[in-house]
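Letters go in sequence order (proteins before strands), and every chain restarts at 1.
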There are 2 protein chains.
Amino acid sequence: MNMNHSDDRRDQMDNETSDLSKARLRAWLQILKVSRKIEGELREKMRIEFGSTLPRFDVLAALYRERDGMRMSELSKSLMVSNGNVTGIVDRLVGEGMLVRVPVENDRRASIVRLTEAGEKDFAERALVHEGWVSELFSDLSASDADGLIRILRTISHHNEAPHD
Amino acid sequence: MNMNHSDDRRDQMDNETSDLSKARLRAWLQILKVSRKIEGELREKMRIEFGSTLPRFDVLAALYRERDGMRMSELSKSLMVSNGNVTGIVDRLVGEGMLVRVPVENDRRASIVRLTEAGEKDFAERALVHEGWVSELFSDLSASDADGLIRILRTISHHNEAPHD
DNA sequence: CATAAATATTTTGAGTTTGAAATATCTGTG
DNA sequence: CACAGATATTTCAAACTCAAAATATTTATG
């Protein structure tokens with residue numbers, strides 16, 4: 001009966017802080033837990049089976065989807081890592097003969113990175129094995145739960161989308 | 001009509017590879033995408049608001065839940081990172097006056113790491129702000145979707161639990 | 001056309017991360 | 001008690017990661 005505006009707001013905050021907010025925090029911590037666990041498993045398998053690493057696999061995967069190659073900036077945006085980071089990974093993959101840097105016509109600042117023939121062939125094989133690993137690690141995930149998971153995660157991604165370009 | 005055993009198996013594999021297996025791979029990629037995006041946001045906020053980092057926050061959080069302190073090995077197991085990693089993070093947090101290393105009675109190999117009074121106070125404040133950030137980043141996540149997400153992710157965690165110790 | 005601003009990439013320095021090796025200590029077996 | 005193996009932690013080298021600074025080039029503006 002004696003509630004004023006600040007009481008209202010405080011009560012609302014308290015509820016949010018102790019219930020929904022906590023549930024979201026738990027959800028985030030669970031996402032973190034699963035992604036760390038799975039990344040750890042995949043990293044070890046990559047190392048043992050392919051003598052390679054996850055970041056390299058990610059770069060190869062991005063370039064396998066874009067057979068005409070990508071610019072460094074496109075690559076770093078697509079992988080959500082910094083430009084400087086991609087430089088190092090690509091350097092190593094070039095050293096391994098998986099990638100080549102191709103100069104861009106009419107823009108000498110930029111270069112296109114693309115898979116070599118060997119890189120394409122190697123990655124195609126690795127991708128199949130990788131998919132098998134993931135399916136195994138997620139073998140308790142039914143088709144409907146997979147769909148549910150994707151739907152829920154998309155609502156989160158969309159909210160945190162890069163401000164409209 | 002003319003199917004033999006190997007045909008059966010191949011068809012089954014093909015179905016799994018092209019359907020359930022692909023759905024699970026998509027689910028994994030979506031987990032990865034969300035966790036990278038959210039980690040990036042939180043990293044930036046940590047840096048700007050607290051002049052600190054996520055790994056340090058994670059260590060403080062683990063020790064805030066265990067006020068009597070933890071051993072280095074417990075800490076690294078709890079955070080799912082390597083021993084050597086924790087050593088460096090703890091070194092820096094000790095340097096900042098947030099943590100202390102306390103020798104363990106009867107075992108001179110080990111030491112217990114725990115929050116200092118200042119560390120406890122600082123972290124308590126940061127944790128509240130952090131929870132607010134997460135709730136904001138997850139603001140499109142309803143209570144029931146948060147619960148659904150947690151349930152599904154738990155089925156994945158449990159499958160990949162450390163082999164019973 | 002000069003040149004300021006924008007863009008693409010690399011370099012740099014600090015921090016994080018791993019896996020393996022090294023160090024120190026403890027425990028169990030003879 | 002000796003000492004082999006187990007355990008706890010640190011050290012190490014290589015890789016990854018970021019944010020900021022530096023470099024090179026292009027574009028737009030006066």
Under 4.0 Å between any heavy atoms, over every strand shown, what does [X] touch: base, sugar-phosphate, or nothing? Just pick one.
{"X": "N85(B)", "value": "base"}
{"X": "I89(A)", "value": "sugar-phosphate"}
{"X": "G88(A)", "value": "nothing"}
{"X": "R56(B)", "value": "sugar-phosphate"}
{"X": "S73(B)", "value": "sugar-phosphate"}
{"X": "M80(B)", "value": "sugar-phosphate"}
{"X": "R101(B)", "value": "sugar-phosphate"}

Quiz item: OP1 or OP2 of dT9(C) less than 4.0 angstrom from a side-chain nitrogen or oxygen of T87(A), does that happen here?
Solution: no
Practice problem: Kindly say if R109(A) contacts the phosphate of dT27(D), meaning a side-chain N or O under 4.0 Å from OP1 or OP2. | Solution: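 No.
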Practice problem: Name the closest nucleotide to the R47(B) side chain, picking from dT25(D), dA19(D), dT10(C). | Solution: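 That would be dA19(D).
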Exercise. Report the nucleotide, chosen from dT17(D), dT25(D), dT18(C), that has the shortest atom-to-atom distance to any side-chain atom of D107(A).
Key: dT25(D)
Self-check item: Verdict with supporting geometry, F50(B) and W133(B), ring-ring contact (aromatic ring centres under 6.0 Å, His included)
Solution: CA-CA 13 Å; F50(B) 302 147; W133(B) 290 338; 5.2 Å; yes
Exercise. Would you mind reading off the distance between R71(A) atom CZ and dT7(C) atom C1', rounded to a whole angstrom?
Key: 10 Å
Quiz prompt | Whole angstrom value for the distance that separates P of dT7(D) from NZ of K77(B) | solution =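 Distance check: K77(B) NZ to dT7(D) P gives 12 Å.
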Exercise. Identify, between R92(B) and E44(A), the residue whose nearest nucleotide on DNA chain C lies closer to the 5' end.
Key: R92(B)
Quiz item: If you find the nucleotide of DNA chain C closest to R43(A) and the one closest to M70(A), which residue's nucleotide is nearer the 5' end?
Solution: M70(A)
Practice problem: For T116(A) and G97(A), work out which heavy atoms get closest and say how close. | Solution: OG1-O, 2.7 Å
Quiz item: Is R108(A) side chain donor-acceptor paired with the dT25(D) base, going by distance under 3.5 Å alone?
Solution: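 Answer no: no donor N or O sits under 3.5 Å from an acceptor.
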